[in-house]
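The chains referred to below are lettered A, B, ... by the order of the sequence lines, with proteins before strands, and numbering in each begins at 1.
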There are 2 protein chains.
Amino acid sequence: MAVNAYVPDASFGGTTALGWLKWVIFMATIRDVAARAGVSVATVSHVMNESRFVTEDTKQRVLAAIAALNYRRDGIARSLRRSQTGTIGAIIADITNPFFSDLVKGIEDTIRGFPEKLNLILCNTEEDAARELLYLDVLMEKRIDGLILAPAGGNVAYLEALVARGFPLVFVDRSLSSVTADSVLVDNLAAATALVAHLIARGHRRIAVLKATLHASSITERVQGHAAAMAAAGLDFDAGMIVESASSIDAAFEGGRAILALDPLPDAVFCTNNFMTLGMMRALNEQGLRCPQDMAIAGFDDFQWADAFRPRMTTVAQSGYDQGCAAARLLRDRITKVQTGPAVHLVHGTALNIRESSG
Amino acid sequence: MAVNAYVPDASFGGTTALGWLKWVIFMATIRDVAARAGVSVATVSHVMNESRFVTEDTKQRVLAAIAALNYRRDGIARSLRRSQTGTIGAIIADITNPFFSDLVKGIEDTIRGFPEKLNLILCNTEEDAARELLYLDVLMEKRIDGLILAPAGGNVAYLEALVARGFPLVFVDRSLSSVTADSVLVDNLAAATALVAHLIARGHRRIAVLKATLHASSITERVQGHAAAMAAAGLDFDAGMIVESASSIDAAFEGGRAILALDPLPDAVFCTNNFMTLGMMRALNEQGLRCPQDMAIAGFDDFQWADAFRPRMTTVAQSGYDQGCAAARLLRDRITKVQTGPAVHLVHGTALNIRESSG
DNA sequence: TCGCCCTTGTTAAACGATTACGTTAAAATA
DNA sequence: TATTTTAACGTAATCGTTTAACAAGGGCGA
């Protein structure tokens, strides 16, 4: 495979240790285009950006040269000069969580529609604040134009500094009370309260919580919702009925086992997110218990197959997709300075899907 | 909010139309650091990159200046100079498909471990070749160092040109026969054959296929597997039993309806991916039919909750995560030229999970 | 003392675009 | 005809790094 055959002329100098790519992948520069079209580099640039009038004849010559050389402008050089990269970051908890993959898809679909041609760099923190910090640093080095963040907690000072400097930041799923940035959230407290109230209305009294150990505001609020609904119904519950596990299906499976080891056994479980629900169901299956006959389950976050399998899950549904779209729009407005005022907080609606798992 | 208060001195010139960020977000440059530390920019660079010995004393002064100014080096300028961006692209079909979100997570987890500190730009084609082309162009402009691609089909010439130039490219999930790049795949034909053979062994004779309309090699091979198993068992089937739908749950739901409208009704359905299985189950539920009593179902791609709900799904399991890890390693080896020989093709194993849905 | 190497540091040329400013020739006006 | 205006394009500075090439100073053997 004669890779060097693609080098069109001898104008290449030596190859440095790191610059070998240059040798192998020939890329015409704006100068090559200008030379071939017999114009200056400025004219080529203006043709590409439509930033100045160029006679039709000249424009065609430039376009022909671009096509002939298969020229693609160097986005890196462009970014350096313009101080804009056209790249945004998304730091989320875990892409394998359907809520977040929906969210990311919403972001992607939305930015694709923007004339700015934005790109998305994706980062999973797995709820680890240290990893979040590392990603923040890397993204800042990459000079992203803005960031959509589901904060893992911690790093408050860092984020405060960012927003103080005017860096475009949008929170999703959760927010940090001390950092005043745009956000798109749902009313976790109200939704969780309603869900647990529904369980109570179905006659359940001992309602446990399988809680993801996150410092996320969303989870805390959901747990508070449980307490609120219980209190409103005059029901007592001890702290032991709130079982924590890391936010993954495997960890939730262990958490579910712990709940099933509770004495006396609860008659319902409120799962604070997708992974908790799935882990709980696994634990239930393992013990040969049936839902809802032996134990009722209701969870936060719907999933697309929640009604395709048995038991159909009673859930609080929120649209990760819509929230992703909204976050992308907010961020774009900040980046382009369409929006410059104080922080905007969007609260998206939730739906209580009552299905058979809640008994 | 006095954003301008953060500008530390008057050394800033005018602000151009596009360069407003510079004004708002002050970022120290290597020159500022050098000035504060009383050394040259070269020395600062060498301290940061450990590319030459620097006396401990000088190094400490530089480090102190970096800390004091909260300096982060400009990755854009760095990339321009080094002709390396430390960014790779992943163009996949749909992040909401659990197979792909697992895959992306595998990529991410793997590149995080590399000393090169790579980043991932994510793109969803939704199986649209035109969108793929658009993303290819954008990523090339962004000067990514390499690409992991689940090709939507088409764009063959473009991709051929890329690999001919030596651009690091790794196929995942599917490949393009005319493009000789590294790949990590599974043996779709064998796995699908085994799955359908299992259905036949369970006594099913009229076995329909719910096929995602993709030009992907993976799907074609899975359909061929069905034909092979049927032929091996001496079973006939007409083309009408292969129903196509777009690769989404909603479309698969319609496809499932079409299958349930077949006369005579098949007694089993082979679903060629995750989304097909989910859509088929929805259709079954809608008609009030039960699985496996009224119709057996078996699908390609396992999902983490496949055994947590009823009916437990019989599936061919493949690890998107492992494939993502492998693809990331292959790509890294190409980028760093650790690997330079002919294309490497990795075939990952699959597992046949026999559960109750197949009857 | 001279020449040489070694150590540490500096200077300045890239990298490839964008864009403020300048220039040229033709057209318009006085 | 002399001058200004306008249309069309060119020149060169700039963005913030990396790194080859060079330089100064000190140590040391002959």
Side-chain angles (χ1 to χ4, degrees), chain A residues 11-23 25-35 37-59 61-62 66 69 71-86 140-143, chain B residues 11-19 21-23 25-35 37-59 61-62 66 69 71-86 141-143:
Chain A
S11 68
F12 276 82
T15 154
T16 69
L18 292 156
W20 63 268
L21 266 172
K22 275 293 151 50
W23 248 100
I25 307 183
F26 168 72
M27 314 227 82
T29 72
I30 198 173
R31 236 166 291 273
D32 300 323
V33 174
V39 297
S40 73
V41 293
T43 301
V44 176
S45 175
H46 284 123
V47 167
M48 293 210 71
N49 299 313
E50 302 189 336
S51 45
R52 193 165 72 177
F53 183 84
V54 177
T55 30
E56 190 56 29
D57 177 56
T58 314
K59 182 188 287 186
R61 283 212 320 282
V62 170
I66 287 175
L69 295 173
Y71 169 70
R72 311 281 143 129
R73 83 180 139 202
D74 186 325
I76 296 297
R78 185 165 206 252
S79 294
L80 177 60
R81 187 53 231 256
R82 307 185 55 191
S83 326
Q84 284 196 159
T85 56
M140 289 308 137
E141 231 187 54
K142 284 251 149 61
R143 295 297 191 259
Chain B
S11 69
F12 276 83
T15 157
T16 69
L18 291 157
L21 266 172
K22 275 294 152 47
W23 249 102
I25 308 183
F26 167 72
M27 315 226 82
T29 72
I30 199 173
R31 235 167 292 273
D32 300 322
V33 174
V39 298
S40 73
V41 293
T43 302
V44 176
S45 176
H46 283 125
V47 167
M48 293 211 70
N49 299 313
E50 301 188 338
S51 44
R52 199 167 64 176
F53 185 85
V54 176
T55 356
E56 189 56 29
D57 177 56
T58 316
K59 184 189 285 185
R61 283 215 317 285
V62 170
I66 287 175
L69 295 173
Y71 168 71
R72 311 280 142 128
R73 81 180 140 202
D74 187 326
I76 296 297
R78 187 166 205 253
S79 294
L80 178 59
R81 185 51 231 251
R82 307 186 55 192
S83 323
Q84 284 195 160
T85 56
E141 226 185 62
K142 283 250 149 61
R143 296 295 191 259

### Message
Angle between the two end axes of the helix from C:dT1-D:dA30 to C:dA30-D:dT1, five base pairs per end, rounded to 10 degrees?
### Response
60°
### Message
What is the separation between atom NE2 on B:H46 and atom P on D:dT18, rounded to the nearest whole Å?
### Response
9 Å
### Message
Rounded to whole Å, how long is the line connecting atom CD of A:E141 with atom C1' of D:dG16?
### Response
12 Å
### Query
Within this structure, what is the CD-to-P distance between A:E50 and C:dT18, rounded to whole angstrom?
13 Å
### Lys/Arg N to Asp/Glu carboxylate O, A:D74 vs A:R78, below 4.0 Å
no
### Phosphate OP1/OP2 of D:dG10 contacted by A:T43 side-chain N/O (<4.0 Å)
yes
Below 3.5 Å between N/O atoms, which protein atoms pair up with nucleotides 5-8 of chain D? Just atom names and distances, please.
unit_1 : atom_1 : unit_2 : atom_2 : d
D:dA8  : O3'    : A:T55  : OG1    : 3.4

### Message
Counting only side-chain heavy atoms from C-beta out, which of C:dG16, D:dT18, C:dT19 sits nearest to A:L80?
### Response
C:dG16
### Query
Can you check the B:Q84 CD to C:dG16 P distance for me, whole Å?
14 Å
### Message
With nearest nucleotide decided by heavy atoms, which residue, B:A77 or B:S51, maps closer to the 5′ end of DNA chain D?
### Response
B:A77
#### Entry: For atom CG of A:D74 and atom P of D:dT14, their distance in whole Å
21 Å
### Query
Base, sugar-phosphate alone, or nothing: which one does B:R73 contact when heavy atoms must sit under 4.0 Å apart?
sugar-phosphate
### Query
What integer distance in Å separates B:R82:CZ from C:dC15:C1'?
13 Å
